[in-house]
Amino acid sequence: MNPDQRNLLKAWIAAILWLIVIAIESSALLSAHNTSRILYPLLHFLFGLDRMHFGYWHFYIRKSGHVVGYGTLSILLFRAWRATLPAPGNPKWTMRWANIAILGTALVASLDEWHQTFIPSRTGTVHDVVLDTCAGIAAQILILLWWKMFGKGTTSLVPSKTGQKDGFSRGGE
């Protein structure tokens with residue numbers, strides 16, 4: 001197996017493993033009732049949080065889990081598509097990879113929420129699909145900004161007039 005095939009396999013294995021994590025999180029095992037049985041005693045012990053205020057924190061902790069989980073999925077899908085669909089000039093970021101990652105994130109979020117409608121202890125909502133998709137978009141923006149600020153190589157979508165063979169520049173170079 002050559003290094004390109006190995007990188008492709010590693011990228012897709014990471015994305016698939018994360019999809020399995022999302023599937024487990026979508027089960028009754030991690031319903032709000034079950035997570036509250038773990039989080040309330042922990043937050044009460046650490047911060048003295050009472051039952052009246054726990055519901056508020058529980059809601060935001062769970063929604064933060066959506067943002068982290070689906071932002072991570074978007075990054076892993078970007079990485080997998082980047083390994084699968086190389087672009088001319090070997091750029092670090094392309095709109096194509098970002099769009100496919102966002103669409104994949106939205107699809108998984110939709111299927112996840114649809115699946116939850118069949119589990120009595122869960123609820124599937126379009127609001128969570130929107131939140132998850134926004135997390136995927138934010139992750140792609142962060143990837144682009146990361147490569148613009150710290151990456152070596154090309155990341156811009158603007159064709160270069162400097163004669164670079166890849167046809168892109170980082171702007172201002």
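Keep in mind it's a predicted model, so treat the numbers as computed, not measured.
Side-chain atoms of H115 and D112 form no donor-acceptor pair, as typed in the model, at a separation below 3.5 Å.
Checked against salt bridge (Lys or Arg N to Asp or Glu O under 4.0 Å), D128 has the following partners two or more places apart in sequence or in another chain: K63.
For the atom pair L77 CG and L103 CG, the distance stands at 10.5 Å (nearest 0.5 Å). L73 CG to T105 OG1: the interatomic distance, rounded to the nearest 0.5 Å, is 4.5 Å. Taken to the nearest 0.5 Å, the NE2 atom of H33 stands 10.5 Å off from the NE2 atom of H58. From I61, atom CD1 reaches atom OG of S36 across 11.0 Å, with rounding to the nearest 0.5 Å. The OG1 atom of T72 sits 8.5 Å away from atom CD1 of I22, with the distance rounded to the nearest 0.5 Å.
Using a 4.5 Å heavy-atom cutoff, the side chains of L39 and W57 are not in contact. Side-chain contact between L131 and Y70: absent, with no pair of heavy atoms (C-beta onward) separated by less than 4.5 Å.
Smallest separation of non-hydrogen atoms from S110 and V129: OG-CG1, 3.6 Å.
The aromatic rings of W114 and F118 sit perpendicular to each other, their planes meeting at more than 60°, with 30° as the lower class boundary.
Each salt bridge (Lys or Arg N to Asp or Glu O under 4.0 Å) pair with one or both residues in residues 18-27, not counting sequence neighbours, would appear here, but there are none.
Residue L144 is grouped with residue W81 when hydrophobic side chains (ILVMFWY) are merged at heavy-atom distances under 4.5 angstrom, including chains of intermediate members.
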